[in-house]
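Keep in mind that this is a model prediction, so the values were computed, not measured. For the numbers below, each heavy atom of this structure counts, side chains included, while hydrogens, waters and symmetry mates do not.
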Amino acid sequence: MSFSRRLPSFLLVAGAIAAPVPALAGGFYLQEQSPKETGRALSGGAAAGDDPSTVYFNPAAMTELPGIQTSVGGIALFAKAQQTNRGTTRTVPGTTTQVPVSGTNGGNAFESVIPIPSFYATGQVSDQLWVGLGVNAPFGLKLEYEDGYFGRYDSLYTDLKTYNIQPSAAYKLTDNLSVGGGVDVQYVKVTLTNALPQLSPLLADGHASVEGDDWSVGWNAGLFYRAGDTQFGVHYRSRMKHSLEGEQVISGLAGPLAGANGSFAATAPLTLPDIVTLSMTHRLTPQLRAMLTARWYNWSVMQAITINAANGTSVKELEYSDTYSVSAGGEYDVNDKLTLRAGTMFDRSPTNPQHLTTRVPDGDRVWLSGGATWNLSQSFALNLSYAHTFVEKANIIRPDSYFPAPATVTATTRAQTSGNADQIAASLTMRF
């Protein structure tokens, strides 16, 4: 890790922009892009082709959807996290003293309900050509700790939003093989705040906030193949390269640090990873289907964060690793009206233990889910799902240094984090 010696730029890096990026690895990526897929723990993936949400998971499978179909839905995410202070400290310039940082556990920082909306539409143009459109939010989270939180120098408030618009097309090469792809137009906006330590621990904290946004364009492509009762799908989604532009505001610093208060223009490149999906479904009986999906995430594209501020440039190493998820599920048609489904998934977090942050309490995850589809008529179907996510406990030891020598203050957040999440999902599929 290296820092600029110019004070405002240094604060920009240590206190704001660099902090959230490790959280993006697991906590901000939203797997939940389809209420129907949620019920089978995303095991249908690139091979199911039974719902307009295939626009996102593999547009090549749109060739399985006759006529015009739309899906409008949303997922309500209920996340919980507990933070335990394990000896958080800060230093005092000119001494070797480590002063304990006290405070509350921050409460449950997550919003009581986190909505994840989605809209998908597909249309059959001819016997060989399909077009589609998807609108969703693949990344996003909002959390806020109490002002007196013991980890306040690491984070207080985080709000990240993305909106993804994906026009797509698919072409049936043969009766068994289809190809498809789309363009991703993505908007991202980030707001972050945290407290800043004063030179003396007896003084009230300073405050740092940063806000930035950006538009970017990526692409995705896939193949879909049917062999009798078995379907295969493979899908690639490109990395998204964002360049956030915004403003950093520093306030409340006193004494010799008061000159650092003010507003500063800032930019930060952010690259979200390539994602590869491999899926298979197999019809075991006329009523029963089994599903399996594996995903690979190229998080190693994020090795460092470079911050370009009005007063200089700073680099913070991340050393992320590539990661994966594996899900399995099944569906059973009770009758022509009702289909039941269930699934499980293991989702590995790519975050480096040396860079864990309280901005998003995160760890490896295990899903258990279930759901149902009720065909209201030939034209309308209601999908309902529930999923519970178990999140592995994690120990955070995160030192953040502020201010150039000889005024350097190092705040080390030591915490244990634990949590879980519940999802309730619903969508309405319409066929014309």
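Shown are N136, T54, D51, T429; of these, the side chain to side chain donor-acceptor pair (under 3.5 Å) with Y120 is made only by N136. Across W296, W219, F57, Y297, a single residue satisfies ring pair (Phe, Tyr, Trp, His ring centres under 6.0 Å) together with Y236, and that is W219.
Under the 4.0 Å criterion applied to side-chain N and carboxylate O atoms, R90 and D205 are not assigned as salt-bridge partners. The residues D333 and R289 are annotated as salt-bridged, a charged nitrogen and a carboxylate oxygen being separated by less than 4.0 angstrom.
Residues passing the salt bridge (Lys or Arg N to Asp or Glu O under 4.0 Å) test with E144: none are found, sequence neighbours excluded. Evaluation of the side chain to side chain contact (heavy atoms under 4.5 Å, CB included) rule for S168 yields V55, P59, M62, Q166 as partners, not counting sequence neighbours.
The aromatic ring centres of F390 and H388 sit less than 6.0 Å apart.
Here the side chains of T63 and R226 are not in contact, with every heavy-atom distance at 4.5 Å or above. No side-chain heavy atom of Q31 sits under 4.5 Å from any side-chain heavy atom of R365. V188 is listed as a side-chain neighbour of L244, based on a closest heavy-atom distance under 4.5 Å.
S327 and L42 make their closest contact through OG-O, 3.4 Å (heavy atoms, listed as atom of the first residue, atom of the second, distance). When every heavy atom of D50 is checked against every heavy atom of K36, the shortest pair comes out as O-NZ, 3.2 Å. What you find for P138 and N164 is that their closest heavy atoms are CD-CB, 3.6 Å.
Residue E146 places its CD atom among more than 12 non-hydrogen atoms of other residues, nucleotides or ligands, all under 6.0 Å distant.
For the atom pair CZ (F150) and OG1 (T84), the distance works out to 7.0 Å, reported to the nearest 0.5 Å.
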**Report entry** Criterion ring-ring contact (aromatic ring centres under 6.0 Å, His included) on W215 and Y187, from CA distance to verdict
**Finding:** CA-CA 4 Å; W215 284 92; Y187 173 76; 5.1 Å; yes
